[in-house]
2 protein chains.
Amino acid sequence: MATVATRTAPFLSLPPVPRYERLKRLAERFPQLDMSAIQTCIAMLHLSHELTGAYDAHLARHGLSMGRFVVLIRLFSTEEVEDGRGLTPAELAESSCVSRATMTGLLDTLEKDDLISRQDHPEDRRMYTVKLTAKARKLLDGMLPDHYRRISALMAPLSEAERTTLQELMTKVSSGIPALRDP
Amino acid sequence: MATVATRTAPFLSLPPVPRYERLKRLAERFPQLDMSAIQTCIAMLHLSHELTGAYDAHLARHGLSMGRFVVLIRLFSTEEVEDGRGLTPAELAESSCVSRATMTGLLDTLEKDDLISRQDHPEDRRMYTVKLTAKARKLLDGMLPDHYRRISALMAPLSEAERTTLQELMTKVSSGIPALRDP
DNA sequence: CGAATTTAGTTAGGTCCCTTATTGTATGGC
DNA sequence: GCCATACAATAAGGGACCTAACTAAATTCG
């Protein structure tokens, strides 16, 4: 019962035991294990991995990473609404969900690639203002139609109602995250 | 209409324009933009970021990262079902969704921490077999009850029916990923 | 057999992001 | 006015993961 069978065949060339079987065995040993919770959690982590991988691969074809793209699109959509408005590194870090130190690095390479410029802040010499360059506007103008088509295609399998449901369910999961994280 | 108002107040201390407003403006300019698709996609990326962050923070308290934990749990659940069965680096890489090169690095540090051992493969001298050490079994035995409670708590806001729905919706999103990734 | 191909694991080098100091500037109480 | 405090950005160092190039062993096939 503990082993599958006496093995005469090559040691490691047996077909792997399916994940479901292994999980069930663990559930017998650990009564705290909630099988549907684990399965849903693994599915989320898996999708998250696939999604960010696909996103990165797509952006890489334009010389961008997720972090770089978020910075550019944030600046782009801000100047679209408030003409001439730039943002500080701290504002960009917050809206990009990265640390300020990481934002410094992102801005360094974006500036090196002539996609953003740093300009003195008129009122506080600790800060500066970040603005898009003409090159960056051109890059975004060129790539965004295709980009938006791709996001639309990604979500095409879901109806409007399903998108709403998905967002609601994700909000519920989000509310459980502190229970996973906190000491 | 292009600017919000004539600005006399400090340049950057205005409240930021909400994301929804900025998105609407972009949608006017780019007809390909599907607002509900973007919003759902951003929500997924955001949840993914929160979830992996929380997971990492939790595992870090046991000296583990996501990659290290997945390797250990895979070995643990395999030897639970097939006593004495080890896995090759290639099998571990595949089931952990990392490259073989990354697996080499993970195994190096796990071995240094005396959590796994590398043993000669009986039949193929290119490979070796990875096994848990007693120390690793003790670590997992100690941490898994709490770990499973945390996953259970994470998913507690969702009923069984909601978990099933969430998995179905995620499967649909997953089917759209090639459309995002492919050239 | 023995050369060519395939496969397993590793090494080298790079990207992205993190945390933890450090430096320079602003601010508020004495 | 001046000092302690707070805050913005940066530098230094580290972890996780990737791809591409390499080494060694096994397999295929003329």
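Atoms considered below: every heavy atom in the structure, side chains included; atoms not considered: hydrogens, waters and symmetry mates. Residue numbers start from 1 in every chain, and the chains themselves are labelled A, B, ... in the order their sequence lines are given, proteins ahead of strands. Being a predicted model, the structure only gives us computed values, none of them experimental.
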Asker: Without decimals, in angstroms, what is the distance between Glu123(B) CD and dA26(D) P?
Answerer: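 In whole Å, dA26(D) P and Glu123(B) CD are 11 Å from each other.
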
Asker: How does protein reach along nucleotides 2-15 of chain D, written 5' to 3' as B (base within reach of a heavy atom under 4.0 Å), S (only sugar-phosphate), or - (no contact)?
Answerer: -----BSSBB----

Asker: With a 6.0 Å cut-off on the ring centroids, do Phe30(A) and His147(B) count as close?
Answerer: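 No, the ring of Phe30(A) stays outside the 6.0 Å limit from the ring of His147(B), centre to centre.
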
Asker: State plainly whether the residues Glu79(A) and Arg137(A) are in salt-bridge range, i.e. N to O under 4.0 Å.
Answerer: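 Between Arg137(A) and Glu79(A) there is a salt bridge, with a charged N closer than 4.0 Å to a carboxylate O.
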
Asker: Under 4.0 Å between a Lys/Arg side-chain N and an Asp/Glu carboxylate O for Asp120(B) and Arg125(B)?
Answerer: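 No.
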
Asker: When you match Ser99(A) and Arg125(A) each to their closest nucleotide on DNA chain C, which lands nearer the 5' end?
Answerer: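 That would be Ser99(A).
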
Asker: Any carboxylate oxygen within less than 4.0 angstrom of a Lys/Arg side-chain nitrogen, looking at Glu80(B) and Arg22(A)?
Answerer: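 No, no charged N to carboxylate O under 4.0 Å.
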
Asker: Is any NZ, NE, NH1 or NH2 atom of the basic residue among Arg149(A) and Asp34(B) found under 4.0 Å from an Asp or Glu carboxylate oxygen of the other?
Answerer: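 Salt bridge: no.
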
Asker: Strictly below 4.0 Å, N to O, side chains only: are Glu91(A) and Arg74(A) in salt-bridge contact?
Answerer: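 Looking at Glu91(A) and Arg74(A), the cut-off is not met.
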
Asker: Considering only NZ, NE, NH1 and NH2 on the basic side and carboxylate oxygens on the acidic side, decide whether Asp146(A) and Arg150(A) come within less than 4.0 Å.
Answerer: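 A salt bridge links Asp146(A) with Arg150(A).
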
Asker: Please list, in 5' to 3' order, the outermost nucleotides of DNA chain C lying under 4.0 Å from any heavy atom of chain A.
Answerer: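 First and last nucleotides in contact are dC16(C) to dA26(C).
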
Asker: With the threshold set at 4.0 Å, does a side-chain nitrogen-carboxylate oxygen contact exist between Asp56(B) and Arg61(B)?
Answerer: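 Looking at Asp56(B) and Arg61(B), the cut-off is not met.
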
